[in-house]
Number of protein chains: 2
Amino acid sequence: MNRPTLRDVAQAAGVHPATVSRALNPQTRQLVNADTAQRVLRTARSLGYRPNPFARTLKTARSATVGLVIPDLTNPLFPPIVRGLEDVLGTAGYGVWVVNTDNDEQREAAAIESLRARNVDGYVLATARLNHPLIDELAAENVPVLLVNRRTERADIPSVTPDDASGVALAMRHLVELGHRRIVHLAGPQSLSTGYQRLRAFRYALHDHGLPDAPELVVECESFTEDAGAKAVQRLLDDDVEFTAVLAGNDLLAVGCYDALEERGLSCPADVSVVGFNDTRFMDKLHPPLTTVRIPHYDIGAEAARLLLEGLNQPQRHARSVLLPLSLVVRASTAPPAPRTRAT
Amino acid sequence: MNRPTLRDVAQAAGVHPATVSRALNPQTRQLVNADTAQRVLRTARSLGYRPNPFARTLKTARSATVGLVIPDLTNPLFPPIVRGLEDVLGTAGYGVWVVNTDNDEQREAAAIESLRARNVDGYVLATARLNHPLIDELAAENVPVLLVNRRTERADIPSVTPDDASGVALAMRHLVELGHRRIVHLAGPQSLSTGYQRLRAFRYALHDHGLPDAPELVVECESFTEDAGAKAVQRLLDDDVEFTAVLAGNDLLAVGCYDALEERGLSCPADVSVVGFNDTRFMDKLHPPLTTVRIPHYDIGAEAARLLLEGLNQPQRHARSVLLPLSLVVRASTAPPAPRTRAT
DNA sequence: TTGAAAGCGCTAACAT
DNA sequence: ATGTTAGCGCTTTCAA
């Protein structure tokens with residue numbers, strides 16, 4: 001026999017389909033006699049009844065799904081975010097459609113379009129650039145939109161992001177306390193809030209510690225990749241810039257830095273201390289294990305889910321943004337600088 | 001104005017909704033006059049019409065979605081599989097629901113139930129154990145089921161898996177050619193096809209190379225984790241087992257092996273060569289970079305998608321299973337053994 | 001080649 | 001407290 005429908009349950013229980021609907025929905029169960037409700041629930045279970053979500057969505061115009069837009073699932077940053085989001089939204093009865101953009105604007109447009117076609121009830125975007133017209137458009141529609149990990153310039157779009165400024169401050173304090181004075185920042189793309197905020201915080205930190213803001217100590221990388229990190233450090237060494245420590249804009253840049261140092265026969269931390277950002281998987285297995293700022297990625301996803309649920313349940317409510325606290329994980333890649341400034 | 005429906009398009013184009021439906025569906029477009037079809041397509045586009053997938057599913061009883069069951073998305077093995085699957089299925093108009101089981105039977109049952117509730121048209125399972133009644137049940141239903149990465153005992157359930165036997169043979173040949181004779185295998189769980197097949201292949205390889213099958217050279221690990229790998233190697237060293245190389249059942253076991261060697265002051269590859277399995281991300285950044293058997297995870301997902309589509313389109317067709325070829329990635333963790341057998 | 005009509009399974013306004 | 005009714009948007013059989 002085919003999958004039983006609500007009518008089948010109604011027939012078996014000797015009531016009208018509408019009664020079954022009311023009895024099965026916890027929201028409306030009190031509208032129906034307790035005994036009948038019991039009977040309905042039992043027959044539903046005995047028949048192995050499962051509501052058809054498509055029929056429900058067609059009727060209610062709410063799909064109980066949300067869309068998550070990320071650059072690339074194989075970037076180790078995102079799986080924990082996805083799980084945090086799914087775990088919390090799943091409890092609330094929502095499913096999550098995950099789409100990848102590979103940092104390509106066209107693919108992003110197509111991805112968002114595919115979510116639109118699926119009638120998602122809300123959007124979570126991990127692809128925000130500071131200036132991002134597509135997101136502005138989306139936010140103008142009548143659907144909750146939430147940014148994770150990165151933000152846009154616009155303060156009115158709610159977001160869940162790491163407290164980049166505090167993270168950089170932690171890392172810088174650590175380096176300064178170790179005795180470093182010539183600290184390089186491998187800055188991420190300045191079109192991204194993460195890249196931008198971390199550079200900004202770096203400059204603040206220099207000021208706070210009474211260190212000069214020397215322009216040659218900042219390298220802007222075009223992307224958050226190993227390759228960009230390696231190139232940046234190679235350039236610094238080629239230019240004979242003196243430094244004893246590197247604060248990388250993220251872990252991949254730090255890994256690239258490791259590569260460049262090794263290639264030039266420099267040792268970490270003996271010659272150069274390195275700090276990363278994110279504490280992605282296996283950063284503790286590098287050689288040396290990487291000191292890095294830990295971002296609670298799972299919590300970013302979970303908190304995003306909570307905020308989105310608020311927006312879904314009370315659309316009129318004023319949107320909030322959340323900064324999640326970070327912590328510094330000290331490992332062997334940072335140590336006091338060599339007695340004298342490294343001679344290049 | 002609200003999202004336009006098929007009726008809106010029909011009205012604007014001056015035709016019956018049924019005609020619009022026929023014109024919009026490439027399958028039935030030839031049933032309608034070419035000019036009318038053109039006109040319908042244009043008005044649909046100009047109105048920004050998007051078909052409602054829920055209405056379609058309700059009518060056709062096909063959801064155009066498949067379910068993917070994996071242990072844990074944060075295991076770096078799975079993101080590439082997910083992407084391969086999504087990329088190919090997406091092209092065919094299917095969406096993928098991903099659910100995690102965390103290697104817990106109850107959660108697996110709940111996960112599969114959630115997919116059932118969503119009316120998925122097919123299942124892809126990455127959680128197979130050799131003996132797996134739940135999968136047998138699922139396969140008995142009238143829905144395509146496909147296994148990836150691991151298989152069950154039953155040969156009649158189609159699967160896409162790595163050619164573990166060949167992979168082990170490659171690794172063993174490499175070690176033997178380097179001169180190793182006392183080679184340890186850190187075997188994965190024997191309840192999983194991967195753990196089982198690789199151990200089996202290890203024994204075959206010993207035989208092929210005329211090496212003795214010494215029982216003390218095999219350690220069965222309870223799980224594919226760093227911790228299990230470290231414990232296994234600690235035990236070998238405690239027991240004074242002599243060996244010059246380790247063939248780990250997967251990369252995580254190899255990483256655990258690294259940890260144990262370092263803890264005991266042994267050096268890789270000077271004292272012990274190590275080979276991993278999977279070539280997951282960052283294995284090239286370990287110290288030393290890990291020689292490992294590369295598994296084409298993206299291709300596993302992509303091939304699974306193709307096979308599943310076959311099953312979806314031609315249910316009567318005989319199911320096939322596919323073994324994907326592996327390759328050995330030689331890095332610095334393997335070298336000829338020290339002149340004399342290591343004295344313990 | 002196009003139109004008419006029915007119905008997929010569910011919910012919600014209204015009636016009793 | 002329960003039943004009646006209509007309809008969400010689409011596809012598909014049948015009729016013209």
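The chains referred to below are lettered A, B, ... by the order of the sequence lines, with proteins before strands, and numbering in each begins at 1.
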| request: Give the nucleotide from the list C/dG9, C/dT1, D/dC10 with an atom nearest to the side chain of B/Ala55. | output: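 Selected nucleotide: D/dC10.
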
| query | Can you tell which of C/dT2, D/dT2, D/dC10 lies closest to the side chain of B/Asn33? | reply |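 Output: C/dT2.
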
Atom [atom1] of [X] to atom [atom2] of [N]: distance rounded to whole Å?
X        : N     : atom1 : atom2 : result
A/Arg56  : C/dC8 : CZ    : P     : 18 Å
B/Arg29  : C/dT2 : CZ    : P     : 14 Å
B/Leu6   : C/dC8 : CG    : P     : 19 Å
A/Gln11  : D/dG3 : CD    : P     : 13 Å
B/His16  : C/dA5 : NE2   : P     : 8 Å
B/Arg3   : D/dG9 : CZ    : C1'   : 10 Å
A/Arg118 : D/dG9 : CZ    : P     : 20 Å
A/Leu31  : D/dA1 : CG    : C1'   : 9 Å

Please confirm whether the backbone N or O of [Y] pairs with a side-chain atom of [X], one donor and one acceptor, at under 3.5 Å?
X        : Y        : answer
A/Asn25  : A/Ser21  : no
A/Asp87  : A/Gly84  : no
A/Thr152 : A/Asn131 : no
A/Arg39  : A/Ala13  : yes

| query | Under 4.0 angstrom, heavy atoms only, what part of the nucleic acid is A/Thr36 near: base, sugar-phosphate, or nothing? | reply |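 Sugar-phosphate contact only - A/Thr36 comes under 4.0 Å of backbone atoms but never of a base.
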
| query | When we call it a touch if two heavy atoms are under 4.0 Å apart, what does A/Thr57 touch: a base, just sugar-phosphate, or nothing? | reply |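 Here A/Thr57 touches no strand at all.
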
| message | Need to verify one output field. Residue with the more 5' nearest nucleotide on DNA chain C, B/Leu58 or B/Thr19? | response |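 Comparing both residues, the 5'-ward one is B/Thr19.
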
| said: Both B/Thr60 and B/Ala18 contact DNA chain C. Taking the nearest nucleotide for each, which residue is further toward the 5' end? | reply: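 The residue mapped nearer the 5' terminus is B/Ala18.
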
| query | With respect to the phosphate group of D/dC10, does any side-chain polar atom (N or O) of B/Ser21 fall under 4.0 Å of OP1 or OP2? | reply |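 No, no such contact exists.
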
| request: Working to the nearest 0.5 Å, report the span between CG of A/Asp102 and CD1 of A/Ile70. | output: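 So the CG of A/Asp102 and the CD1 of A/Ile70 are separated by 9.5 Å.
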
| said: When you measure only distances, ignoring hydrogens and angles, does the side chain of A/Arg22 come within 3.5 Å of the base of D/dG3 through a donor and an acceptor? | reply: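 A donor-acceptor contact between them is present.
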
